[in-house]
Amino acid sequence: MHNLMQQPFRTAVLVLVWGWLLFLVLAPNLLVVGASVMTRSPGTFISLPLTLDAYRQLFDPLYLEVFLHSLYMAAMTTMVCLLIGYPFAWSLSKMGKQRQVLLVFLLIVPFWTNSLVRTYALKLILATNGLLNSALMSLGWIDEPIQMLYTEGAVIVGLVYLLLPFMILPLYSVFEDLREDLLRASHDLGAGRWSTFIHVIVPLTLPGVLAGVMLVLLPAMGLFFVPDILGGSRNLLVGNVIKNQFLDARNWPFGAAASIVLTLAMAFLMFAHRLSKRRIGEHGV
Amino acid sequence: MKKLALAGLLAVGLTGCSSEEPQVLNLYNWSEYMPQEVLDRFTEETGIQVVYTTYDSNEAMYARLKLLDDSAAYDLAVPSTYYVSKMRQEDLLMPIDRAKIEGFDQLDPDLVNLDIDRDNQYSVPYLWGTTGLAVDTADVEGEVTAWADLWDDRFDGRVMLTNDMREVFHVGLRVLGYSGNSTNPEEIEQAYEKLQELMPSVRTFNSDAPRMPYLEGETDVGMIWNGEAVMGRDTLPTLEYVYPEEGIIAWLDSFVIPKNAKNPDAAHKFISFVLKPEISALISEEIGYATPNLAARELLDDAVASDRASYPTPEDMVNAEFQTDIGDDALQVYAKYWEMLKSGQ
Amino acid sequence: MNRWLPRTYLTLVYLLLYVPIAVLVVFSFNESRTGYDWGGLSLRWYEALFNNRAMVKAMWNSLWLALSAATISTLIGALTALALHRYRFRGKQVLNGMLFVVMMSPEIVLAISLLALFLLVGMQLGYVSLLLAHVTFCLPFVVITVTARLSGFDERLPEAARDLGASDFVMTRTVLIPVIMPALLAGWLLGFTLSLDDVVVSTFVSGPSYEILPLRIYSMVRVGLKPEVNALGALLLVFSLVMLILSQWILLRSRR
């Protein structure tokens, strides 16, 4: 009886999900894989014969450097987001239930203003003639404007500003579930604040941290307009290379191959990270 | 229920596409590149509604028109310089029926019949401009007269280049005395090496609004488009536009009709409408770039018409070069060196 | 002490988040064209904005698209997360992998591959193609958010519900949905934000029949921050804040 009732629902869910992903994710990505092993062609973008030239081109140390630099920028961004977002989500979950919803919306509302517009607003603040330098100078804290725009720091500030909610929201949804009685139990058992934090709170919120890291790190690798606007386009990041290959250089096989290798490299990193986590966990307990 | 909703959505989507009355002109253009007033007046006069859709680079426009091919619904597009010849060679365009175009003979003879489209069978010039040197005379002492001056030590960290592969290499090639349209890998490599020396001085690349780094106080000297220089002068009167000795980079944006346009008649009417002297003059004054329409130039405000930044003298145009299609293989060479330049190798 | 520390921290971060927005709102009243000098108070940019019919239409298109894309992706995303969490079936890793690929694909690759697909099946470009694309790139964000919430979830609850005779559907509705509600809200908000902001994918999969706001803004902003855009940002902000306050007020009243 139960089975009969639950089968249709289960089937419907699986069909919908699989259908969507097969049609809109697998199919287009097969096209990408296909494009990556074709030959670049001036008239039609791609043509036969099949070749692995695009992958061979990727062996250039130039691209390894670009990848590592992008990874470094994305990792810095993720770390700053985590440092700001973790206490933020925690504090948020301590507010009254009703106020929480309001605060979550208040958090997201600035993000409904186009990200490009906000990036330009940041530029108004960071420029040599900008608001921050003028403010600091009129306060007498500095005599000469500081160069903030077109630096790596500016790029990271921009990325953090754009991606922060992607860290906070998943964290918030796990903190929201953190049960007071567990904390009290830990306290009653004689654990100090710090010990409770390390042994109870961190493990319980870890899924949220991992989700947040995914949601920040991966998009940060591909955002190309922030390094363009705040970094002065002097930093070549992975997203820029792939976009240039598709549009400016019109080398689609190469762009497709770069995208595939990027995806595989990031998947490998995530996988390796999870494995090492698991091993540490085994030893720790 | 979900199916119903989906069907509903589908219906909404479809009715959006299949508007019955043919009197719509789908114009695919650069953003902010046509005053709303022009569109309104065109609709008033002809009853044809204009749907204005935008793109932000020739590359994106080209890729889309090419991919969409048969399902393309655009009646008119505005590619720059050599994209006209490229699209024409790849059979993406429809010939323009000169009999239906009024006012073609008012166009500047120097700007029609170019190599990109002999006899203008497929294109009609819309606006044109140049990429030259910008100098903020408040911060720069001494003369700046040539591209080569950018390599001067005194500009360390104060130089701006456009974020455009072809334009930046154009400068490098011209400084070495080569054509800005070189397809010779050795020349391109030399240009790369020359530009590499410039890189430590370069503060930023900008092809969105090249006047901004000068206004922000980030840079003092570098490349700029003439229209941007004119706009920038409003706020920063010391910003000067200089025609470099090695020659300026010239470009021309033209109307073309995509091969599968649904309403080529309306497209022809629109081109004729824009070619009216008073409309061309209005556009030029509003957008800030030069009109190729000689009859319109006479209607312009004196201050605009005599502005050397917008309307160069014949001497300014000595050594000027239009960009041409360099072909796909040379493009790969450029792209490679561009990446190396950007990543600091 | 424990009360004011979180509050101070929250206030500080909110301040930082709103500073750039405040700059934008202030400059939307600036008479001068560039952002770097103050030319006096003026409403001319708001006037320019309202006279721009295409812009207003694009705004409504965008809002409608973001609403529908966020809702559908939350629905499908939540079901995907539940299926991954609750059911045993073949190809789980493949499913996870596909979501990862969506997150990792550079926008331009997603854009061109989706466009190629739509052209292959002969789909008209417009609202439907935009919707399909937007739902697809919002999906992994919802799935990851909901999964994070589910992984901390007490497994005995659904068991108990089933023992009490609830069908899977009933159990999902009465036990799981309430539990994942905060994650659904979070996922919906992320989806709405992403959709409202997307430029690259939309550039490729939209047609002239359905132009959306980010495309217009993108190209406008790129030619030098236009004050109209500031005005638009300010309006959107005020609109969302008013909606927010209104919904809170309704909620409060209904409680009484």
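Note on naming: letters A, B, ... go to the chains in the order of the sequence lines (proteins, then strands), and numbering restarts at 1 for each one. Keep in mind it's a predicted model, so treat the numbers as computed, not measured.
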Atom group of A:Trp18 that falls short of 4.5 Å from chain C, counting heavy atoms: side chain
Nearest heavy-atom neighbours spanning A:Leu122 and C:Pro20: CD2-CG, 4.1 Å
Region of A:Leu14 in contact with chain C, defined by heavy-atom distances below 4.5 Å: side chain
A:Ile84 versus C:Tyr9, closest heavy-atom pair with distance: O-OH, 2.7 Å
Most contacts with chain C, counted as non-hydrogen pairs under 4.5 angstrom, among A:Leu106, A:Leu131, A:Leu26: A:Leu106
Exercise: identify the closest heavy-atom pair between A:Val109 and C:Tyr18: CB-OH, 3.8 Å
Pairwise side-chain contact, A:Leu22 with C:Met98, heavy-atom cut-off 4.5 Å (strictly under): yes
Contact check, side chains of C:Arg7 and A:Lys94, non-hydrogen atoms, under 4.5 Å: no
Which of C:Leu196, C:Thr193, C:Thr145 touches chain A most, by non-hydrogen pairs under 4.5 Å: C:Thr193
Per-residue contact mode, C:Leu213 against chain A (heavy atom under 4.5 angstrom): neither
Stepwise side chain to side chain contact (heavy atoms under 4.5 Å, CB included) check, A:Leu21 with C:Leu99: CA-CA 8 Å; A:Leu21 291 176; C:Leu99 291 170; 4.0 Å; yes
Contact class of C:Leu185 relative to chain A, heavy atoms under 4.5 angstrom: side chain
Shortest non-hydrogen contact between A:Thr263 and C:Phe100, atoms and distance: O-CE2, 3.6 Å
Most contacts with chain A, counted as non-hydrogen pairs under 4.5 angstrom, among C:Gly233, C:Gly187, C:Ala186: C:Ala186
Pairwise side-chain contact, C:Val23 with A:Tyr120, heavy-atom cut-off 4.5 Å (strictly under): no
Chain A contact via C:Leu115 - which portion, at a heavy-atom distance below 4.5 Å: neither
Minimum heavy-atom distance between C:Thr136 and A:Val25, given as atom pair plus value: CG2-CG2, 3.9 Å
Contact origin within A:Leu103 toward chain C - heavy atom pairs under 4.5 Å: both
Residue selection (most heavy-atom pairs with chain A, distance under 4.5 Å) from C:Val199, C:Leu16, C:Val19, C:Ile76: C:Ile76
Engaged part of A:Met214 at the chain C interface, taking heavy atoms whose separation is under 4.5 Å: both
Largest heavy-atom contact set with chain C, pairs under 4.5 Å, which of A:Val238, A:Leu247, A:Leu215, A:Leu262: A:Leu215
Any C:Arg149 side-chain heavy atom under 4.5 Å of A:Pro207 side chain: no
Structural part of C:Leu232 lying under 4.5 Å from a heavy atom of chain A: neither
Pick from C:Val135, C:Val146, C:Val94, C:Leu82 with the largest number of heavy-atom pairs that fall under 4.5 Å of chain A: C:Val135
Pick from C:Leu24, C:Leu110, C:Leu190 with the largest number of heavy-atom pairs that fall under 4.5 Å of chain A: C:Leu190
Atom pair CG (C:Asp197) and CG (A:Leu162), whose distance is rounded to the nearest 0.5 Å: 8.0 Å
Engaged part of A:Ile125 at the chain C interface, taking heavy atoms whose separation is under 4.5 Å: side chain
Heavy-atom side-chain contact between A:Lys243 and C:Val200 under 4.5 Å: no
For chain C, the option from A:Gly239, A:Ala211, A:Pro170 that forms the most heavy-atom pairs under 4.5 Å: A:Ala211
Residue among A:Pro219, A:Ser115, A:Gly208 with most heavy-atom pairs under 4.5 Å to chain C: A:Ser115
Beyond-backbone contact of A:Phe111 with C:Phe192, side-chain heavy atoms, under 4.5 angstrom: no
A:Asn29 and C:Ser105, any side-chain heavy atoms less than 4.5 Å apart: yes
Which portion of A:Phe246 sits near chain C, non-hydrogen atoms under 4.5 angstrom: side chain
Portion of C:Val121 that has a non-hydrogen atom of chain A nearer than 4.5 angstrom: side chain
C:Leu120 side chain reached by A:Leu31 side chain, heavy atoms, under 4.5 Å: yes
Toward chain A, the part of C:Phe137 with a non-hydrogen atom under 4.5 Å: neither
A:Leu164 portion near chain C, given a 4.5 angstrom heavy-atom threshold: side chain
Separation of A:Ile242 CD1 from C:Glu107 CD (nearest 0.5 Å): 11.5 Å
Side-chain H-bond candidate by donor/acceptor type, C:Thr80 with A:Trp20, under 3.5 Å: no
Audit row: C:Leu117, A:Leu24, side chain to side chain contact (heavy atoms under 4.5 Å, CB included) steps and yes/no: CA-CA 8 Å; C:Leu117 178 77; A:Leu24 286 156; 4.2 Å; yes
Toward chain C, the part of A:Leu92 with a non-hydrogen atom under 4.5 Å: both
C:Leu12 versus chain A, the contacting section by heavy-atom distance below 4.5 Å: neither
Shortest non-hydrogen contact between C:Leu17 and A:Leu107, atoms and distance: CD1-CD1, 3.5 Å
